[in-house]
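Note that these values count all heavy atoms, side chains included, but never hydrogens, waters or copies made by symmetry. Every chain is numbered from 1 and lettered A, B, ... according to where its sequence line falls, protein lines coming before strand lines. Since the structure is predicted, the reported quantities are computational estimates derived from the model, not experimental observations.
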2 protein chains.
Amino acid sequence: MLRLAKLTDYGTVIMTTLAQSKTRRSATDLASSASLPLDAARKVLKDLARAGLVQSERGAHGGYALARPATDISVTQIIEALEGPIALTECSIHDHRCEIEQSCGARSNWHLINRAVRMALDQVSLADLAVPGSGRIAALARRFAPPHAVSIPADSIQRMTQA
Amino acid sequence: MLRLAKLTDYGTVIMTTLAQSKTRRSATDLASSASLPLDAARKVLKDLARAGLVQSERGAHGGYALARPATDISVTQIIEALEGPIALTECSIHDHRCEIEQSCGARSNWHLINRAVRMALDQVSLADLAVPGSGRIAALARRFAPPHAVSIPADSIQRMTQA
DNA sequence: TATAATTAGGACCGATTAAGTCCTCTTTCA
DNA sequence: TGAAAGAGGACTTAATCGGTCCTAATTATA
């Protein structure tokens, strides 16, 4: 499934919450703020800390804060902190682990497709995510539209092709 | 895991194989051509047929062929035929199924991010995929690079941010 | 100095889902 | 009529995800 793990999703929500708050926040606090299961939030925060995206303080009045400005944290980094490198296909990352690698004509292209998707996510910063209806993200989506695009919203195309 | 299901991967390989062959091919034939497990190939082909991407003929000398030119089949269509709509997050597709939808500041942006990724995959046709080292896909990847890009390969950034 | 608050680091389990396998039915050609 | 081939679906196993819990280690404060 081309879907983020739920915990990754939680991660983006937590990071968004952190980006919007000035002070350090405890896991308990963040979980309730974002309406997330406490233990799941804890797990996610631990991973985010390990990846260096948030800074943690232990002890009473401890908690988490962004390790750097939200503009310097990309969605890619959040995703990869929580679920490892983005790899649409097995061969996008590990060479030689795919059994049909030799005979597969599509491999080199999957590398490139993977990179394109990764770049798309790379260009979305946490700061963008944290602003509802961010113009920058809308602009990104527009920029990714096909060059000779007719003006049909992607949604309707999807509906058409699935009929 | 932002990863395609293995069967979806098989699907792209099978479609690639079909795109490269002029005649109708049986499932057995295709599976051995692409070094895929026969039963898996069968399952994939059935789904592709149901989605209208390949045309099937039953009976002796039956088999599968592309339903239309490879240039008119996108990677998105293959993916969605095999695993349903592309939805990075729960809320990318179904509204109201996510419990924190109200409080979630990131939702509207995930819609757009999802669309951007989808557009990227939309622009890769089966014909592109079938040509090893397709220039069109490389060009796509290039076009997706950030506007004010420093010339650091995405790979090395990944390595840096994961250290 | 003891205690409460808080993160670190795992272990564990249940539920979901993917992948692979198998079976039966239908269609078509020789 | 039989063999080749697809259609449709059931079933099993393995993987993995999400949730929960437990035990340290750390820090402020009463």
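Nearest-nucleotide assignment on DNA chain C puts the 5′-proximal partner with A:Glu57, out of A:Met1 and A:Glu57.
Remark: the backbone N or O of A:Val44 is not paired with any side-chain donor or acceptor of A:Asp47 at under 3.5 angstrom. A distance-only check finds no donor-acceptor pair linking the side chain of B:Asp122 to the backbone of B:Thr76 [under 3.5 Å].
Put simply, CG on A:Leu4 is 16 Å from C1' on D:dT16, counting in whole angstrom units. Across the protein-nucleic acid pair, A:Leu48 atom CG and C:dG9 atom P stand 13 Å apart, rounded to whole Å. Between the P atom of D:dT26 and the CZ atom of A:Arg58 lies a distance of 5 Å, rounded to the nearest Å. What separates CG of A:Asp39 from P of D:dG18 is a distance of 14 Å, to the nearest Å. Computed from coordinates, the B:Arg42 CZ to C:dG20 C1' distance equals 12 Å when rounded to whole Å. Regarding A:Arg3, its CZ atom lies at a distance of 13 Å from the C1' atom of C:dT16, rounded to whole Å. Put simply, CG on A:Asp9 is 9 Å from P on D:dG18, counting in whole angstrom units. Regarding A:Leu2, its CG atom lies at a distance of 12 Å from the P atom of C:dA18, rounded to whole Å.
Contacts between residues 15-31 of chain B and DNA chain C, defined by a heavy-atom separation under 4.0 Å, are absent.
The existence of a salt bridge linking A:Arg42 and A:Asp39 is confirmed by a sub-4.0 Å separation between a basic side-chain nitrogen and an acidic carboxylate oxygen.
With D:dA25, D:dG9, D:dG18 as the candidates, the nucleotide lying closest to the side chain of A:Lys6 is D:dG18. Distance from the side chain of B:Ala40 is smallest for C:dG20 among the nucleotides D:dG19, C:dG20, D:dC21. Checking C:dT7, D:dC17, D:dT20 against every side-chain atom of A:Lys43, the shortest atom distance belongs to D:dT20. With D:dG6, C:dA8, D:dA3 as the choices, the nucleotide that has an atom nearest any side-chain atom of B:Ala60 turns out to be D:dA3. Relative to the side chain of A:Ala5, the nucleotides D:dG19, C:dA8, D:dG18 differ in distance, and D:dG18 lies closest.
With A:Thr16 as reference, A:Leu126 is the one residue of A:Leu126, A:Val131, A:Ile78 to meet the side-chain contact (heavy atoms from CB on, under 4.5 Å) rule. The side-chain contact (heavy atoms from CB on, under 4.5 Å) with B:Leu112 is formed by just one residue from the set A:Val124, A:Leu140, A:Asp128, A:Ile137; it is A:Ile137.
Counting distance only, with no hydrogens placed and no angle test, the side-chain atoms of B:Lys46 and the base atoms of D:dG8 include a donor-acceptor pair under 3.5 Å.
How far CD of A:Glu90 is from CZ of B:Arg3: 5.0 Å, rounded to the nearest 0.5 Å. Rounded to the nearest 0.5 angstrom, B:Met15 CE and B:Leu48 CG are separated by 5.5 Å.
The side chain of A:Tyr10 contributes no N or O atom lying less than 4.0 Å from OP1 or OP2 of D:dG18.
Looking only at side-chain heavy atoms (C-beta outward), A:Thr28 and A:Leu38 come within less than 4.5 Å of each other.
Among the heavy atoms of the strands lying under 4.0 Å from B:Leu7 are primed sugar atoms or P, OP1, OP2 only; no base atom is included. At the heavy-atom level, B:Arg50 lies under 4.0 Å from the strands shown only through sugar-phosphate atoms.
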